[in-house]
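Everything numeric in this text was worked out from a predicted model, so none of it was measured.
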Amino acid sequence: MNQANKPPVSDTTLPSPVVEQDGESVIMSFDEVSVQSRMRLDDPTALDLDYSRVMMAFLLLQPQPASILMIGLGGGSLAKYCHRHLPQARITVVEINPEVMAARDTFQVPADGGLFSVVPGDGAAFLATTPRDSYDVILVDGFGPEGEQPEDLCSLAFYKTCRAALRPSGVLMVNLQDKEPQCSRLIGRIWQMFGEPVLPLEVVCGGNLVVLASDDAAFKACAGSLRRRWRELDAVHQGTLEDVLPGLEEELKPWWTAPVRAKPAAAHDAEAVVRKPKAAAKPVAAKSDVKKASVQRKRSGGKR
């Protein structure tokens, strides 16, 4: 790295980001181990990190969202991508860290205006005052000083406000650190608020796991038409979700119902029907108990 920029510390309770450039990309990090955000200089709106592409899986349930709320700005990768490629969506981003906000121009985050705005503040407090049924999609991507989920952004009360703020069949996407037992505990909290339609989606690299939650109707509608929905997306979204598609398709199998085939029409030509004499009834053998195979879906957020 040949350049480093660390804004003045304004709040010691929040992590201080380090912004670095290497000639090909701009990177934001909070420690020496993990990368918070990375922007390619040749394509500033591209989703360069694996987890960010998984976060866009909501498009397979909500291909044309009218309103999106993002908790956590970071380097603005998701905000920039959605602003460019979902021009119909009203996008609101809430960021608590003023030092992250100060790096906004460095990461080429668009200026506020029209359908796009970045709001300084606490994401949990923002959601607590949000009217019901306000958003089609909520993306939660906030972390604390040690890379953990802040309690305010992963409590049962927080996930309850997320559920209330979503419209019917709205989608919640949560980026979690893939560490146990915390990851499974947080997935359990989301499950308490959303019920069965909660899926953990693996991220190939980065130590993350993304949780997708919606309602049963949205999962059923998506399960039987996932490939068709993917093909109907813009080419840029198809490329973004190409590697995400197989895993999501597998996870949605419990919601897939095979279409009912129409029965063949009965013959109306009486002369063409050959009537056979009834055979003598045969003794009915005792039926054995049939065990119904239960569908086991993955609950754990750990590496599988």
Grouping I, L, V, M, F, W and Y whenever their side-chain heavy atoms are under 4.5 Å apart, do [X] and [Y] come out in a common cluster?
X	Y	value
Leu226	Val54	yes
Leu153	Leu156	yes
Leu59	Leu115	no

Distance from [X] atom [atom1] to [Y] atom [atom2], nearest 0.5 Å?
X	Y	atom1	atom2	result
Cys222	Trp230	SG	CH2	14.0 Å
Asp141	Met70	CG	CE	9.5 Å
Asn208	Met55	CG	CE	9.5 Å
Phe143	Gln177	CZ	CD	6.5 Å
Asp50	Arg53	CG	CZ	4.5 Å
Asp122	Glu95	CG	CD	10.5 Å

Where do [X] and [Y] come nearest, in terms of heavy atoms and distance?
X	Y	value
Asp216	Pro197	N-CG, 3.3 Å
Thr240	Leu47	CG2-CD1, 4.0 Å
Leu49	Val35	CD1-O, 4.1 Å
Phe30	Asn97	CE2-ND2, 4.4 Å
Gly142	Pro150	O-CD, 3.5 Å
Ala128	Thr161	CA-CG2, 4.4 Å

**Item:** Partner residues of Asp43 under the salt bridge (Lys or Arg N to Asp or Glu O under 4.0 Å) criterion, sequence neighbours left out
**Value:**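 Checked Asp43 against salt bridge (Lys or Arg N to Asp or Glu O under 4.0 Å); zero matches.
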**Prompt:** With sequence neighbours left out, what residues match Arg38 under salt bridge (Lys or Arg N to Asp or Glu O under 4.0 Å)?
**Reply:** Asp48
Let me have the donor-acceptor pairs involving side chains of residues 87-94, under 3.5 Å, with sequence neighbours excluded, atom names and distances please.
from	atom 1	to	atom 2	distance (Å)
Gln88	NE2	Gln64	OE1	3.3
Gln88	NE2	Pro65	O	3.0

**Prompt:** Can Met56 and Phe58 be said to form a side chain to side chain contact (heavy atoms under 4.5 Å, CB included), step by step?
**Reply:** CA-CA 5 Å; Met56 293 302 301; Phe58 71 81; 3.6 Å; yes
Quick one: does [X]'s side chain get under 4.5 Å of [Y]'s, heavy atoms only?
X	Y	result
Val18	Glu20	yes
Arg228	Glu232	yes
Trp191	Glu196	yes
His85	His237	yes
Asn175	Val203	no
Met39	Thr106	no
Leu166	Phe194	yes
Gln62	Ile68	no

Tell me if a side-chain donor or acceptor on [X] pairs with a main-chain N or O of [Y] at a distance below 3.5 Å.
X	Y	answer
Asp234	Val236	no
Gln238	Arg231	yes
Ser184	Glu180	no

Only counting residues at least two apart or in another chain, list the ones meeting side chain to side chain contact (heavy atoms under 4.5 Å, CB included) with [X].
X	result
Thr130	Phe126, Leu127, Ser134, Tyr135, Ala165
Arg132	Ala164
Leu212	Ala57, Leu61, Val171, Met173, Leu201, Phe219, Leu248

**Prompt:** Passes side chain to side chain contact (heavy atoms under 4.5 Å, CB included), Val174 versus Leu186? Steps please.
**Reply:** CA-CA 10 Å; Val174 184; Leu186 299 187; over 6 Å; no
Going by the salt bridge (Lys or Arg N to Asp or Glu O under 4.0 Å) test, which pairs reach into [range], not counting sequence neighbours?
range	result
residues 54-64	none
residues 105-119	Arg104-Asp112
residues 68-87	none
residues 149-171	Asp136-Arg167, Glu151-Arg189

**Asked** Does CG belonging to Asp243 count more than 12 external heavy atoms closer than 6.0 Å?
**Response** no
**Fill in**
residues 95-114 vs ring-ring contact (aromatic ring centres under 6.0 Å, His included), sequence neighbours excluded, gives none
**Request:** Report the C-alpha distance between Val100 and Met28 in whole Å, list the side-chain angles of each, state the deciding distance to 0.1 Å, and finish with yes or no for side chain to side chain contact (heavy atoms under 4.5 Å, CB included).
**Result:** CA-CA 9 Å; Val100 172; Met28 177 182 287; 4.3 Å; yes
**Phe116: partners by ring pair (Phe, Tyr, Trp, His ring centres under 6.0 Å), with sequence neighbours left out** =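 Expected list: His83.
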**Message:** Could you walk me through whether Tyr81 and Ser52 satisfy the side chain to side chain donor-acceptor pair (under 3.5 Å) test, starting with their C-alpha distance in whole Å, then the side-chain angles of each, then the deciding distance to 0.1 Å, before giving a yes or no?
**Reply:** CA-CA 10 Å; Tyr81 181 93; Ser52 62; over 6 Å; no
